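Please read the structure below before turning to the comments.
Small disclaimer: the values here were computed from a predicted structure and weren't measured. Heavy atoms only: backbone and side chains are in, while hydrogens, waters and symmetry mates are out.
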2 protein chains.
Amino acid sequence: MTADLVAVLVAVTEGTPKIMTIAGGSALPSGPFEFTHRSLQTALRAWVEAQTGHPLGYVEQLYTFADRGRSGDAKGPHSVSISYLGLTREDRVGEGFEAHWSGWYDYFPWEDHRAGAPAFLAKTIAPKLKTWAKAAPSPTLQRERWQRCAITFGLDDRDWNEELVLQRYELLYEAALIPEAGRGHGHEAPVVPGKPMTADHRRILATGIARLRAKIKYRPVVFELMPAEFTLLQLQRSVEALAGRLVHKQNFRRLIEQQELVEETGAMAADTVGRPAKLFRFRHAVLAERAVAGTKLPLSRT
Amino acid sequence: MTADLVAVLVAVTEGTPKIMTIAGGSALPSGPFEFTHRSLQTALRAWVEAQTGHPLGYVEQLYTFADRGRSGDAKGPHSVSISYLGLTREDRVGEGFEAHWSGWYDYFPWEDHRAGAPAFLAKTIAPKLKTWAKAAPSPTLQRERWQRCAITFGLDDRDWNEELVLQRYELLYEAALIPEAGRGHGHEAPVVPGKPMTADHRRILATGIARLRAKIKYRPVVFELMPAEFTLLQLQRSVEALAGRLVHKQNFRRLIEQQELVEETGAMAADTVGRPAKLFRFRHAVLAERAVAGTKLPLSRT
DNA sequence: CATCTTATGCTCACGGAGAGTATAAATGGT
DNA sequence: ACCATTTATACTCTCCGTGAGCATAAGATG
């Protein structure tokens with residue numbers, strides 16, 4: 001038996017959340033776990049450093065799952081995959097490394113609601129889900145299926161819940177609306193937009209996004225994705241990029257400041273449009289001061 | 001390489017949270033992962049069922065960690081341990097099974113604040129931590145250490161945060177105040193009350209408790225630990241048992257009822273003191289109705 | 001100088017959470 | 001029968017976090 005590490009490495013560049021990919025963007029970076037390290041965390045850090053040429057900031061374990069040999073042989077070589085979420089900055093990649101960054105909404109276009117709900121959600125996905133729901137054997141099951149769809153995708157006037165990334169992916173998978181769910185029928189036309197990935201890598205990515213979207217609400221992890229100095233608007237844009245939805249500007253600032261998460265550097269942002277903004281830096285002290293330093297997003301419904 | 005499953009199986013009986021143990025209460029149930037199962041979850045379920053004679057309710061993965069051979073050989077047989085949290089009921093144990101249930105506060109006596117903060121916290125633990133903090137090389141580090149202690153243990157007039165179970169355990173471990181941290185000095189006298197466990201099992205248990213304490217606040221998982229019918233006070237007592245602190249009765253009921261988590265059975269509780277209480281049952285429908293059905297605990301500061 | 005854009009300060013209303021008061025319905029003892 | 005005790009259950013009140021909007025300041029641009 002073998003153990004593999006799979007990494008969801010996240011960076012945010014100019015309002016776009018990105019993940020590190022290999023194989024032309026069709027897989028997450030992964031590799032065998034070397035037992036020469038003291039722990040899984042250090043193994044992952046060393047490995048990422050070797051790949052990207054830069055140490056990793058925040059690291060968190062995501063999930064472990066077992067595979068029964070993808071080659072089809074029932075008794076073949078089995079493996080355990082241990083997935084991690086890591087936060088960095090894109091510009092940290094060293095020289096001569098072939099780290100590839102892909103926008104994460106390339107894989108989950110339906111997750112970006114910053115400009116409102118994507119049109120194809122109501123136009124394409126919802127009808128397909130409805131069809132799938134109606135294909136259930138009994139009326140009760142049909143209703144239950146549709147209820148699940150409506151809840152996870154915010155249909156029927158329900159609110160969009162940005163944290164249900166994994167549930168949405170799994171629903172689409174179950175409804176066979178994405179290529180990964182291909183049931184041996186050869187290659188069907190992609191019914192739902194979004195780039196697929198090898199094996200269950202897109203599921204792992206969904207897990208990572210979901211975890212991160214939940215985490216930014218109660219832990220100051222966004223700062224791991226920011227440069228040393230930033231304006232409050234830049235910070236807000238990063239949060240919005242991750243959450244996939246807009247935030248109420250004034251309330252966001254109120255929250256950040258009243259929690260004393262940042263301090264002014266004294267300098268002002270250069271080359272900007274409009275009134276120049278103060279530059280801030282993260283107050284690393286808060287990590288020691290508080291056990292839970294929340295950043296509950298002040299979401300706006302517009 | 002091998003993969004092991006370690007289970008934190010929780011039940012609540014008469015206001016006491018319990019965990020399933022083996023080896024006279026000195027270890028969590030664990031065993032090798034059989035690759036004959038489709039997933040880790042099903043493997044765990046099957047395995048627990050074989051051990052206890054009863055299917056498992058709620059199951060959730062906790063954490064995966066790697067061991068570099070406990071026997072001391074640096075290149076010896078390595079293994080990956082995958083830990084799970086499972087919720088059941090004690091009375092579900094079948095015939096002829098030797099499931100042993102131990103109160104979880106036997107292992108973490110400082111975590112039970114239902115009758116106020118335990119006396120030995122201020123009398124024994126706090127001074128020891130202070131000594132440890134003062135042993136840091138520089139004044140700055142000394143202050144940082146003590147700040148950490150004060151935050152995690154709610155000292156210096158800080159609030160007790162029941163979710164920091166793991167942080168507290170790791171702090172005690174770091175300060176060498178618990179037997180597991182024994183640094184080869186043979187066996188010292190236990191400086192802090194609480195039953196130790198084999199290897200890092202107590203750490204895993206701490207992880208499980210922390211996870212559960214966090215979860216009951218936003219997911220209706222308590223019901224997995226309740227009998228089919230229960231009174232609201234029984235439900236409250238279970239929550240309090242898990243959280244290790246008391247709850248405001250009226251507000252608790254308001255919360256449960258306004259969220260429509262339960263429905264009356266029509267019957268009343270028998271053989272009770274005082275005014276008889278209505279019996280309720282969990283409305284399983286809410287699991288389908290809502291994505292997030294919270295039970296934010298209405299904690300009281302008394 | 002008008003206009004656009006972004007920054008930043010302030011107010012308001014609503015609802016949830018913590019806390020307390022009051023009343024009802026049972027039991028057991030005297 | 002009456003009272004103390006225990007538990008159940010219904011309301012009320014206050015405070016504050018949160019969502020939302022208004023207003024003003026300070027730059028750039030034409």
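- A salt bridge links B:K217 with B:E162: the closest approach of a Lys/Arg side-chain nitrogen to an acidic carboxylate oxygen falls below 4.0 angstrom.
- Ionic pairing of B:R281 and B:E264 is not present here: no N-O contact between side-chain nitrogen and carboxylate oxygen is shorter than 4.0 angstrom.
- Between the CD1 atom of B:I256 and the C1' atom of D:dT9 there is a distance of 15 Å, rounded to whole Å.
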- [ ] Heavy atoms under 4.0 Å is the rule here; annotate nucleotides 23-30 of chain D 5' to 3' with B where the base is hit, S where only the sugar-phosphate is, and - elsewhere.
- [x] --BBB---
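- C:dG9 atom P lies 15 Å from atom CZ of A:F252, rounded to whole Å.
- In this entry the distance linking CG of A:L279 with C1' of C:dT6 reads 14 Å, nearest Å.
- The distance between atom CD of B:Q258 and atom C1' of C:dG15, rounded to the nearest whole Å, is 10 Å.
- Atom P of nucleotide D:dT14 and atom CG of B:N251 are separated by 16 Å, given to the nearest angstrom.
- Residue A:L232 is out of contact with every strand shown, counting any heavy-atom pair closer than 4.0 Å.
- Listed nucleotides D:dA8, D:dA20, C:dA19 differ in distance to A:H248; the shortest reach to its side chain belongs to D:dA20.
- A salt bridge does not link B:R245 to B:E240: none of the charged nitrogens lies less than 4.0 Å from a carboxylate oxygen.
- Looking only at atom types and distance, the side chain of A:Q250 has a donor-acceptor partner in the side chain of A:H248 under 3.5 Å away.
- By the neighbour-count criterion of 12 heavy atoms within 6.0 Å, atom CD of B:Q258 is densely surrounded, having more than that number from other residues, nucleotides or ligands.
- The existence of a salt bridge linking A:R89 and A:E224 is excluded, since no basic side-chain nitrogen approaches an acidic carboxylate oxygen closer than 4.0 Å.
- Candidate nucleotides D:dG21, C:dC12, C:dG18 were compared by shortest atom distance to the side chain of A:R254, and C:dC12 ranks first.
- If you measure from atom CG of A:L235 to atom C1' of C:dA7, you get 15 Å, rounded to the nearest angstrom.
- At whole-Å resolution of the value, CD in A:Q234 and P in C:dT6 are 13 Å apart.
- To the nearest angstrom, P of C:dC10 lies 13 Å from CZ of A:R253.
- Between the side chains of A:Q167 and A:Y169, no donor N or O sits under 3.5 Å from an acceptor N or O.
- Closest to the A:K249 side chain, of the nucleotides C:dT8, D:dA20, D:dT7, is C:dT8.
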